[in-house]
S.K.: 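Questions regarding the structure given below will be posed in turn.
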Amino acid sequence: MIDYKYYFNDENKDTILLIHGWNTTSLYMEGFIKAFSTSYNIINVDLFNKLNKPYKIENFLDDLNYIIRQHSYNKLVIIGHSFGGKLAYFYSKKYHVDKLVLIAPSLVKPRKKLIKYIKVKLYKWLSKHNLKIPKCLKGSKDYVQAKGYLKQTFLLCHNKYIKFINDNAPQTLVIGFDKDQQVKKYQIRKIKKYINSSIIKFYPGNHFAYLDYIKEIRIDFDEYLS
């Protein structure tokens with residue numbers, strides 16, 4: 001079951017669900033609590049703290065829905081970063097959400113590169129012949145660093161991407177970063193193809209640059225979604 005903390009403001013106010021990214025914790029989203037807690041109730045989840053089995057995307061979505069139903073609210077807003085942005089979007093496909101803020105979401109499948117294709121082929125050939133596999137072929141940094149159930153969860157969730165146009169998506173603000181090497185600008189722009197009503201905004205910096213722009217994101221949120 002997903003762990004979480006609830007920051008209550010007023011039962012008549014809307015609720016924001018915060019979802020952090022892969023290989024991080026709820027601490028990475030705490031800046032949003034300060035920025036939004038005077039106007040909203042806040043649920044800040046920790047996806048992996050109590051992970052006791054391999055999880056599929058659907059397991060995360062059902063856990064998130066269970067947590068949300070424990071607390072009354074008027075409207076639901078989800079703010080998700082990276083893998084959390086992926087979960088936020090797919091949650092909105094399964095359950096009702098009023099507004100989405102997707103920060104560098106890992107939603108669009110990256111372009112295939114020849115070097116990656118070669119690495120996969122070489123990895124499979126070495127595995128087939130029970131030969132030693134060099135570290136550079138063992139997968140992405142996130143996969144290599146994952147341990148236990150988290151490694152299995154990575155394999156179950158990593159390759160789920162947005163595929164179909166969603167005309168019923170809630171109001172959506174998508175934020176990308178111009179030097180992000182994990183979720184690149186073309187992937188952010190392509191989200192517009194699937195969520196026609198979405199608004200795209202870029203900031204300077206890398207994948208975690210949102211930590212420096214939380215006040216600005218709050219302004220964008222009020223301007224575009226309120």
Side-chain angles (χ1 to χ4, degrees), residues 14-24 28-29 31-32 35-36 40 45 47 56-58 60-61 64-65 68 75-113 116 140 142 157-226:
D14 300 340
T15 291
I16 290 179
L17 172 67
L18 301 174
I19 313 178
H20 64 84
W22 188 266
N23 211 23
T24 64
Y28 281 71
M29 304 299 284
F32 291 105
F36 285 91
Y40 296 85
V45 300
L47 299 173
K56 299 179 181 179
I57 291 286
E58 290 73 19
F60 284 113
L61 302 185
L64 290 170
N65 189 53
I68 290 165
K75 294 182 179 180
L76 177 64
V77 180
I78 305 183
I79 301 176
H81 171 248
S82 194
F83 178 68
K86 176 183 287 188
L87 291 180
Y89 174 77
F90 284 111
Y91 183 93
S92 75
K93 291 267 291 180
K94 187 172 184 179
Y95 302 104
H96 179 75
V97 176
D98 293 283
K99 300 170 187 177
L100 284 177
V101 181
L102 308 178
I103 304 172
S106 53
L107 267 178
V108 173
K109 189 174 183 178
R111 295 169 183 157
K112 290 183 179 180
K113 294 183 178 180
K116 186 174 181 179
S140 68
D142 284 339
C157 298
H158 177 66
N159 288 320
K160 187 173 179 66
Y161 297 106
I162 191 170
K163 292 182 179 179
F164 304 105
I165 294 173
N166 185 359
D167 292 327
N168 297 317
Q171 285 182 284
T172 304
L173 171 63
V174 185
I175 295 173
F177 303 97
D178 62 2
K179 294 181 176 62
D180 193 340
Q181 294 301 306
Q182 292 176 255
V183 180
K184 298 189 176 181
K185 292 177 75 173
Y186 77 86
Q187 292 172 279
I188 296 295
R189 291 194 183 101
K190 198 170 182 179
I191 292 174
K192 187 73 175 177
K193 170 184 174 182
Y194 299 100
I195 308 175
N196 292 327
S197 60
S198 61
I199 295 168
I200 310 292
K201 180 72 181 283
F202 285 100
Y203 282 100
N206 61 23
H207 194 59
F208 291 95
Y210 74 94
L211 295 167
D212 299 321
Y213 293 106
I214 289 176
K215 289 182 179 179
E216 289 81 359
I217 291 171
R218 174 65 202 258
I219 293 171
D220 287 338
F221 178 90
D222 288 339
E223 179 179 349
Y224 297 130
L225 301 184
S226 295

S.K.: Sequence neighbours left out, what passes ring-ring contact (aromatic ring centres under 6.0 Å, His included) with F83? Give chain and number order.
M.R.: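 In terms of ring-ring contact (aromatic ring centres under 6.0 Å, His included), with neighbours along the sequence ignored, F83 is linked to W22, F60.
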
S.K.: List for me each residue that meets salt bridge (Lys or Arg N to Asp or Glu O under 4.0 Å) alongside K193, sequence neighbours excluded, and say none if there are none.
M.R.: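 Here no residue qualifies.
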
S.K.: Would you list the pairs meeting salt bridge (Lys or Arg N to Asp or Glu O under 4.0 Å) in which at least one residue belongs to residues 166-183, sequence neighbours left out?
M.R.: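 Found none.
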
S.K.: Using 30° and 60° as the class limits, which term best fits the ring planes of Y28 and F208: parallel, tilted or perpendicular?
M.R.: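 The rings of Y28 and F208 sit tilted, inter-plane angle from 30° to 60°.
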
S.K.: Can M29 and I19 be said to form a side chain to side chain contact (heavy atoms under 4.5 Å, CB included), step by step?
M.R.: CA-CA 7 Å; M29 304 299 284; I19 313 178; 5.9 Å; no

S.K.: Sequence neighbours left out, what pairs pass side-chain hydrogen bond (donor to acceptor under 3.5 Å, both in side chains) with at least one residue falling in residues 75-87?
M.R.: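 Qualifying pairs, neighbours excluded: S82-H207.
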
S.K.: In Å and rounded to the nearest 0.5 Å, what is the CG to CG distance from L64 to L17?
M.R.: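 It comes to 6.0 Å.
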
S.K.: Side-chain atoms of residues 211-219: list all donor-acceptor pairs with protein atoms under 3.5 Å, sequence neighbours left out, distances to 0.1 Å.
M.R.:
unit_1 : atom_1 : unit_2 : atom_2 : d
R218   : NE     : D222   : OD1    : 3.2
R218   : NE     : D222   : OD2    : 3.1
R218   : NH1    : A35    : O      : 2.7

S.K.: Give the ring-plane orientation class for Y210 versus F177, where under 30° counts as parallel, over 60° as perpendicular and anything between as tilted.
M.R.: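 Because their plane-to-plane angle lies in the 30° to 60° range, the rings of Y210 and F177 count as tilted.
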
S.K.: Which residues pass the salt bridge (Lys or Arg N to Asp or Glu O under 4.0 Å) test with K94, sequence neighbours left out?
M.R.: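 Applying salt bridge (Lys or Arg N to Asp or Glu O under 4.0 Å) to K94 gives D62.
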
S.K.: Would you say P170 and D98 make side-chain contact, with heavy atoms under 4.5 Å?
M.R.: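 No, their side chains stay 4.5 Å or more apart.
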
S.K.: List for me each residue that meets side chain to side chain donor-acceptor pair (under 3.5 Å) alongside S198, sequence neighbours excluded, and say none if there are none.
M.R.: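 Partners of S198 under the side chain to side chain donor-acceptor pair (under 3.5 Å) test: none.
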
S.K.: Under the ring pair (Phe, Tyr, Trp, His ring centres under 6.0 Å) definition, can you give me all pairs with a residue in residues 88-112, not counting sequence neighbours?
M.R.: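 Sorted pair list: Y91-Y95.
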
S.K.: So how far is it from N206 CG to Q182 CD, rounded to the nearest 0.5 Å?
M.R.: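 Going from the CG atom of N206 to the CD atom of Q182 covers 8.0 Å.
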
S.K.: Could you tell me which residues satisfy side chain to side chain contact (heavy atoms under 4.5 Å, CB included) with F202, sequence neighbours excluded, listed by chain and number?
M.R.: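 Result, side chain to side chain contact (heavy atoms under 4.5 Å, CB included) vs F202: K185, I188, R189, I200.
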
S.K.: Check salt bridge (Lys or Arg N to Asp or Glu O under 4.0 Å) between D220 and all other residues, then give those that pass, not counting sequence neighbours.
M.R.: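 Checked D220 against salt bridge (Lys or Arg N to Asp or Glu O under 4.0 Å); matches are K201.
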
S.K.: Of all residues at least two apart in sequence or in a different chain, which pass the side chain to side chain donor-acceptor pair (under 3.5 Å) check with T15?
M.R.: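 Applying side chain to side chain donor-acceptor pair (under 3.5 Å) to T15 gives none.
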
